[in-house]
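Report on one structure; see the data block that follows.
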Amino acid sequence: MDKKTVSESPNQIDDNEKIEICYMCHQEFNINEDDDSHYHYDNYPMCAYCSEFYGFYKKDR
């Protein structure tokens, strides 16, 4: 009997994907993307666009 593993499932969501809703613009986004998205004050999810636009979060370059 051939069993499919979880990784072979076509409907599987990537383990690194965590969908949040931005508290500023109310758009859904993946907070685990490699961008400026983050939790503002460790509590409020903020997408990369709002992070850059409002300037709350800056990467050290």
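By convention here, the first residue in the shown sequence is residue 1. None of these values were measured; they are calculated from a predicted model.
Tyr41 and Phe53 fall within the same hydrophobic cluster, defined by Ile, Leu, Val, Met, Phe, Trp and Tyr side-chain heavy atoms under 4.5 Å apart, directly or through other members. Both Tyr49 and Met46 belong to a single network of hydrophobic side chains, linked directly or stepwise wherever heavy atoms of I, L, V, M, F, W or Y lie under 4.5 Å apart.
Using modelled atom types, no side-chain atom of Asn30 and backbone atom of Glu17 make a donor-acceptor pair closer than 3.5 Å. When atom types are taken as modelled, the side chain of Ser51 and the backbone of Ser37 share no donor-acceptor pair closer than 3.5 angstrom.
From Cys47, atom SG reaches atom CD of Glu33 across 12.0 Å, with rounding to the nearest 0.5 Å. With values rounded to the nearest 0.5 angstrom, His40 atom NE2 is found 11.5 Å from Tyr54 atom OH. Atom CD1 of residue Ile31 and atom CG of residue Asn16 lie 13.5 Å apart, to the nearest 0.5 angstrom.
Residue Glu28 comes nearest to Ile21 through the heavy atom pair CG-CG1, 3.9 Å, listed as atom of the first residue, atom of the second, then distance.
Defined by atom type and a distance below 3.5 Å, a donor-acceptor pair is present between the side-chain atoms of Tyr39 and Glu20.
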